Each structure stands twice: as C-alpha cells, then as structure tokens.
Amino acid sequence: MEDLAQQLNSLDEGRFASFIGLEVDSALPERVVGHVDLQPHHMQPYGIVHGGVYASIVETLASLGAAMSAIPEGKNAAGVENHTSFLRSIGGGRVTAVATAIQRGRTMHLWEVAITDDQDRLVARGT
C-alpha cells in the first residue's frame, strides 16, 4: 500500500494544518501519523500547550484518514464530532500523534488519536 504522507502535506500547504505546524509522517488507510514541533505560539498564557492544538491534531489526522477511503470513491469526508481529552501538561518539545481506524463503515468512520510527547508519555487522546 502506498504511503500518501507527502501528497497530504502538499494538499495542506497554506491551510490550517500547516499553520499549526502539523506534518504528516505516514498515511496509510488504517493509520495516520504526524507531528508538531511546539513553538511559543502553541502555548496558552500559563506556558503549556493550548488544548486547541491537540483538538486540531485529532480533527486533522482523523479526517485525513477518513478522506483516504472516501476520495477514491468520489466522496468527501468531514468530521462530525471531536472529543479530545487533555491528559498531561507540557511546555514544549515535539508531540507525535497516531490516528488509528476503529471503525471504517460505508458512511461513517471512527478514528482514535493518541498524542505523545518526546518522552513517549500520553499527553492527549481523542476520537
């Protein structure tokens, strides 16, 4: 199966995901991996990562995963719900996210996304 990471990064150039610094490292039909190198603009005033960064990563990687199934069938994919839990506060470094398909139905997909820090600690997770 062809890894579509480079094509997805090109499609997102100049769009929201690129503005938050999300880079797709691997994109396969049932698993999408990406990372963000955290910068000061990702932080809230308390010096920790803003929860919206994590929610955006969850939304983007899950939607890209669903889109890889929909687009070849001439369909589109869009998120219908985002539930993100913030589990650990961090103030910098790199976060890596792994999106895994839980259910890939005909009209609805469910993806789980685990986000870890550069010490491999779970910092957020979402569906």
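Because the structure is a prediction, the values reported are computed rather than measured.
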Quiz item: Among pairs that include at least one residue of residues 38-56, which meet side chain to side chain donor-acceptor pair (under 3.5 Å), considering only residues two or more places apart or in two chains?
Solution: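 For residues 38-56: none.
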
Quiz item: Between Q103 and H109, is a side chain to side chain contact (heavy atoms under 4.5 Å, CB included) present by the stated rule, with each step listed?
Solution: CA-CA 5 Å; Q103 171 67 29; H109 283 206; over 6 Å; no

Could you state the interatomic distance from [atom1] ([X]) to [atom2] ([Y]), rounded to the nearest 0.5 Å?
X	Y	atom1	atom2	value
L61	R31	CG	CZ	11.0 Å
D117	L122	CG	CG	9.0 Å
D120	T96	CG	OG1	8.5 Å
L28	E30	CG	CD	9.5 Å
D25	Q6	CG	CD	12.5 Å

Self-check item: Step-by-step side chain to side chain contact (heavy atoms under 4.5 Å, CB included) determination, T127 to V58
Solution: CA-CA 7 Å; T127 54; V58 168; over 6 Å; no

Atom of [X], atom of [Y] and distance for their closest heavy-atom approach:
X	Y	answer
V113	A99	CG2-CB, 3.7 Å
V32	G65	CG2-CA, 3.8 Å
W111	A62	CB-CB, 3.6 Å
V36	I20	CG1-O, 3.5 Å
A17	T60	CB-CG2, 3.9 Å

Report yes if the side chains of [X] and [Y] come closer than 4.5 Å at any heavy-atom pair, otherwise no.
X	Y	value
L64	V24	yes
V95	V49	no
S18	E23	no

Exercise. Inspect the surroundings of CZ in R121 and state if more than 12 heavy atoms from other residues, nucleotides or ligands are less than 6.0 Å away.
Key: yes

With a cut-off of 3.5 Å and sequence neighbours excluded, list every side-chain donor-acceptor pair involving residues 72-92.
unit_1	atom_1	unit_2	atom_2	d
N82	OD1	T84	OG1	2.6
N82	ND2	A55	O	2.9

Quiz item: Taking it one step at a time, do L38 and M43 satisfy side chain to side chain contact (heavy atoms under 4.5 Å, CB included)?
Solution: CA-CA 8 Å; L38 299 169; M43 306 302 161; 3.9 Å; yes

Quiz prompt | Residues D37 and R94 bridged, charged N to O under 4.0 Å | solution = yes

